[in-house]
There are 2 protein chains.
Amino acid sequence: MPAELTDILGDLVSVNHRLTRVAARAARGTESPAVWRTLSVLLSTGPIRLGDLADLSRVSQPTMTKLVGNLADRGWIKRQSDPADARVSRTVITPAGEAALVAWRTELAAALLPYFADLPASDVDTLERAVAILRDRVAATEQLDAPQHLGAPKRTVATGQVAR
Amino acid sequence: MPAELTDILGDLVSVNHRLTRVAARAARGTESPAVWRTLSVLLSTGPIRLGDLADLSRVSQPTMTKLVGNLADRGWIKRQSDPADARVSRTVITPAGEAALVAWRTELAAALLPYFADLPASDVDTLERAVAILRDRVAATEQLDAPQHLGAPKRTVATGQVAR
DNA sequence: ATTATATACATAGCCAAGCTATATATCTAG
DNA sequence: CTAGATATATAGCTTGGCTATGTATATAAT
């Protein structure tokens, strides 16, 4: 069945691309996925080096430098310098950033809800478990080239609970 | 349980954004998601007007004009004019385009496979059903503001079967 | 017929996100 | 105290996304 799993993964990525676009247009906020991805990572990690943030977000370091600049301009993150190493700058999400993230998720889910409103409970359950599986795997990929600096996992947006 | 579904949808979009990035870096092809999204839509619709293609891909018409231009330059699509209406230009995927799409999906899935290789069969099943559910819903959103021009559905990449 | 309006696509011009290559600053080893 | 490694910043490019607007064709009204 590796052939089958291969197809499922291909389909998964395809449908994800489509769903992402549907979501983007449904909740037509002006902000980009990268912003929310970054904030979401920040929320789950706490203060973190820029390079590690880039790795966890799966973007290059220069890209993350840009993103962090934008986010800082909006007041959604702040940067603090490391007393022990003048090269590093740690990034932290601000309360405003958390609020913006929560607001976006709410708006987004509200926009998508109509399309999923009539889902049978069993399908809802399937989706929930699929999301859990995917989150596990994505987290696993982060462990592979895991940097040593990161602390313990923290909260997730939806639940406020410790992730994993 | 609307609150629960709301959270699931939020989590779903979040994990999708992350997975998309993992996939993008794992299968480090130089092409962008938009290219594959477009080809995938084209494959499933057959010859289609540019405006309808834009709607189905959930991008604006000018964005699609650009994408189609790029794809035509690569020889992955071709455009044909409508004898009945000189304004419209129909877009069709070429054999080269289909081949490129299949190659990408193969490469992508191969790159992701290691992360998912040890999934228990029940999880594989869950993912498969989740993908099916999502594909249904994404298709449903397309019906809402459905244009009248589109013909019957065609093949999907993975299976070569008629999609829904 | 002619003129007006609607439709399909193209163009212009902007900004964000992504990349590689490279520079700068700091730290660590010898 | 210099040599190399490391953390981030800068430069410069491409693509994808948008809105606003232009152009050509088609349809409707007078």
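In this text the structure is predicted, and so the values were computed from the model without any measurement. So that the names make sense, note that chain A is the first sequence line, chain B the second, and so on, each numbered from 1.
Taking side-chain N and O atoms only, B/Ser60 has a distance below 4.0 Å to OP1 or OP2 of D/dC18. In this structure, A/Arg37 does not reach the C/dA16 phosphate: none of its side-chain N or O atoms is under 4.0 Å from OP1 or OP2. Put simply, B/Arg90 has no side-chain N or O that comes within less than 4.0 Å of OP1 or OP2 on C/dA8. Neither OP1 nor OP2 of C/dA16 sits under 4.0 Å from any side-chain N or O of A/Ser32. The side chain of A/Thr65 places an N or O atom within less than 4.0 Å of a non-bridging phosphate oxygen (OP1 or OP2) of D/dA9. Residue B/Arg49 has a polar side-chain atom (N or O) positioned under 4.0 Å from OP1 or OP2 of C/dA8.
By the salt bridge (charged side-chain N to carboxylate O under 4.0 Å, His left out) test, B/Arg21 is found to be paired with no residue, residues two or more places apart in sequence or in another chain being considered. Annotation: salt bridge (charged side-chain N to carboxylate O under 4.0 Å, His left out) contacts of B/Arg25 (sequence neighbours excluded): none. In this structure B/Arg129 satisfies the salt bridge (charged side-chain N to carboxylate O under 4.0 Å, His left out) test together with B/Asp125, sequence neighbours excluded. In this view, A/Thr91 satisfies the side-chain hydrogen bond (donor to acceptor under 3.5 Å, both in side chains) rule with no residue, not counting sequence neighbours. Scanning for salt bridge (charged side-chain N to carboxylate O under 4.0 Å, His left out) contacts around B/Asp118 gives A/Arg137, with sequence neighbours left out.
The ring-ring contact (aromatic ring centres under 6.0 Å, His included) contacts involving residues 9-29 of chain B comprise nothing, where partners must be two or more places apart or lie in separate chains. Counting only residues at least two apart or on different chains, the ring-ring contact (aromatic ring centres under 6.0 Å, His included) pairs with a member in residues 27-54 of chain A are A/Trp36-A/Trp76, A/Trp36-A/Trp104. The ring-ring contact (aromatic ring centres under 6.0 Å, His included) pairs that include a residue from residues 121-141 of chain A number zero, where partners must be two or more places apart or lie in different chains. Applying the side chain to side chain donor-acceptor pair (under 3.5 Å) test to every pair with at least one member in residues 62-72 of chain B, sequence neighbours left out, gives these pairs: B/Ser60-B/Thr63, B/Gln61-B/Thr65.
The stretch residues 67-80 of chain B comes close to DNA chain C through B/Arg79, each having a heavy atom under 4.0 Å from the strand. Using a 4.0 Å cut-off on heavy atoms, the residues of residues 12-21 of chain A that approach DNA chain D are A/Arg21, listed by number.
Taking atom CZ of residue B/Arg58 and atom C1' of nucleotide D/dC18, one finds them 17 Å apart after rounding to whole Å. The CD atom of B/Glu31 sits 9 Å away from the P atom of D/dT15 (whole-angstrom rounding). Taking atom CG of A/Asp82 as the reference point, atom P of D/dA7 lies 11 Å away to the nearest angstrom. To the nearest angstrom, C1' of D/dT8 lies 13 Å from CG of A/Leu53. Residue B/Leu50 contributes atom CG, which lies 13 Å from atom C1' of C/dT11 at whole-angstrom precision.
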Could you check A/Arg79 against A/Ser89 for side chain to side chain donor-acceptor pair (under 3.5 Å), going step by step and ending with a plain yes or no? CA-CA 6 Å; A/Arg79 311 186 63 174; A/Ser89 104; 2.5 Å; yes
Can A/Val13 and B/Leu112 be said to form a side chain to side chain contact (heavy atoms under 4.5 Å, CB included), step by step? CA-CA 10 Å; A/Val13 172; B/Leu112 285 182; 3.8 Å; yes
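Ionic pairing of A/Arg87 and A/Asp82 is not present here: no N-O contact between side-chain nitrogen and carboxylate oxygen is shorter than 4.0 angstrom.
Of the two residues near DNA chain C, B/Lys66 and A/Thr63, the one whose nearest nucleotide lies more 5' is B/Lys66.
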At under 4.0 Å between heavy atoms, how does the protein contact nucleotides 21-30 of chain C? Give one character per nucleotide, 5' to 3', with B, S or -. B---BBS---
